[in-house]
Amino acid sequence: MIATLLYAFSLAIDVIMAEQRERTFIMVKPDGVQRGLVGTIINRFEQKGFKLVALKFTWPSEELLQKHYSDLSSRPFFPGLVKYMSSGPVVPMVWEGLNAVKTGRQMLGATNPADSLPGTIRGDLCIEVGRNIVHGSDSVESANKEIALWFTEKEVIGWTPANEKWVYE
């Protein structure tokens, strides 16, 4: 009887945790790829306990980047941003976990590396805003939009890592 109740409680907790988990879109930019920082960035997210569910190595078209950064299209730096982002390969990824968007942004640090704290990816690994090595979604809504733009449904893989019970209560 007690074992049955504990099992039911455990299942209920799993359902609650699954509802609070979300996905975020993280992309290593051309400067991060050229500097060989892809593994370092992946390692930071894995060490935090997030689960990688999609990843690719690609050279994006200007058209794709214009869609991705469409919210910035009226800004004066937009043409240069698209040109820069299409200048080399990038590594788009989807990470999953509890509060993945907010925590991912905190891990990246401020958009301007000069404003990023030590211990953040940008605070530790870059100097200028125009070469800030990585993009991260700023909301769950933008994460969903970015994930759908860069990945097909079949490319985002649902799976359970063996260490999940050691990361989440």
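We count residues from 1, following the sequence as given. What you are looking at is a predicted structure, and each value in this text was computed from that prediction instead of being measured.
We find the OG-NZ distance between Ser139 and Lys102 to be 14.0 Å, quoted to the nearest 0.5 Å. Met107 contributes atom CE, which lies 10.0 Å from atom CD1 of Ile41 (distance to the nearest 0.5 angstrom). With values rounded to the nearest 0.5 angstrom, Ile147 atom CD1 is found 12.0 Å from Glu153 atom CD. To the nearest 0.5 Å, atoms OG1 (Thr120) and CG (Leu125) are separated by 8.5 Å. A distance of 6.5 Å separates NE2 in His68 from CE in Met85, rounded to the nearest 0.5 Å. Atom CG of Leu108 sits about 11.0 Å away from atom OG1 of Thr103, to the nearest 0.5 Å.
Scanning both residues, Ala143 and Val101, for their nearest heavy atoms gives CB-CG2, 4.1 Å. The two residues Glu22 and Ala100 have their closest heavy-atom pair at OE2-N, 3.2 Å. In terms of heavy-atom proximity, Leu55 sits nearest to Phe151 at N-CE2, 3.8 Å. Looking at every heavy atom in both residues, Trp59 comes nearest to Ser86 through NE1-O, 2.8 Å. The shortest heavy-atom contact between Arg131 and Cys126 is O-CB, 3.5 Å. The two residues Gly49 and Tyr168 come nearest to each other via the heavy atoms O-OH, 4.3 Å.
In this structure, the ring-ring contact (aromatic ring centres under 6.0 Å, His included) partners of Phe45, at least two apart in sequence or on a different chain, are Trp95. Residues satisfying the ring-ring contact (aromatic ring centres under 6.0 Å, His included) test with Tyr69, not counting sequence neighbours, are His135. Listed by chain and residue number, Glu96 satisfy the salt bridge (Lys or Arg N to Asp or Glu O under 4.0 Å) test with Lys51 (two or more places apart in sequence, or in another chain).
No side-chain heavy atom of Arg44 sits less than 4.5 Å from a side-chain heavy atom of Val134. No side-chain heavy atom of Glu146 sits less than 4.5 Å from a side-chain heavy atom of Val94. In this structure, Thr58 and Val90 have side chains that are in contact, with non-hydrogen atoms separated by less than 4.5 Å. Considering only heavy atoms from C-beta on, Lys145 stays 4.5 Å or farther from Phe25 through its side chain. The shortest distance between side-chain heavy atoms of Pro113 and Glu128 does not fall below 4.5 Å.
Remark: side-chain polar atoms of Tyr84 are not paired, donor with acceptor, to backbone N or O of Lys29 under 3.5 angstrom. Side-chain atoms of Arg122 do not come within 3.5 Å of backbone N or O of Asp115 as any donor-acceptor pair. Of the possible polar contacts, none joining the Asn132 side chain to the Asn112 backbone as a donor-acceptor pair under 3.5 Å is found.
Both Trp150 and Val53 are members of a single hydrophobic cluster when ILVMFWY side chains are connected at heavy-atom separations under 4.5 Å. There is a path of hydrophobic side-chain contacts, each under 4.5 Å, that joins Val33 to Ile42. In the hydrophobic clustering of ILVMFWY residues, with side-chain heavy atoms under 4.5 Å counting as a link, Phe78 and Leu149 come out together. Residues Phe77 and Met27 fall within the same hydrophobic cluster, defined by Ile, Leu, Val, Met, Phe, Trp and Tyr side chains chained together at heavy-atom separations under 4.5 Å. Clustering ILVMFWY residues whenever any of their side-chain heavy atoms sit less than 4.5 angstrom apart, transitively, puts Phe57 in the very cluster that holds Leu37.
The neighbour count for Ile127 CD1, taken as heavy atoms of other residues, nucleotides or ligands under 6.0 Å away, does not exceed 12. Atom CH2 of Trp159 sits in a crowded spot, with more than 12 heavy atoms from other residues, nucleotides or ligands closer than 6.0 Å. Other residues, nucleotides and ligands contribute over 12 non-hydrogen atoms within 6.0 Å of the NZ atom of Lys56.
For the pair Arg21 and Phe50, the cation-pi criterion (under 6.0 Å, within 45° of the ring axis) is not fulfilled.
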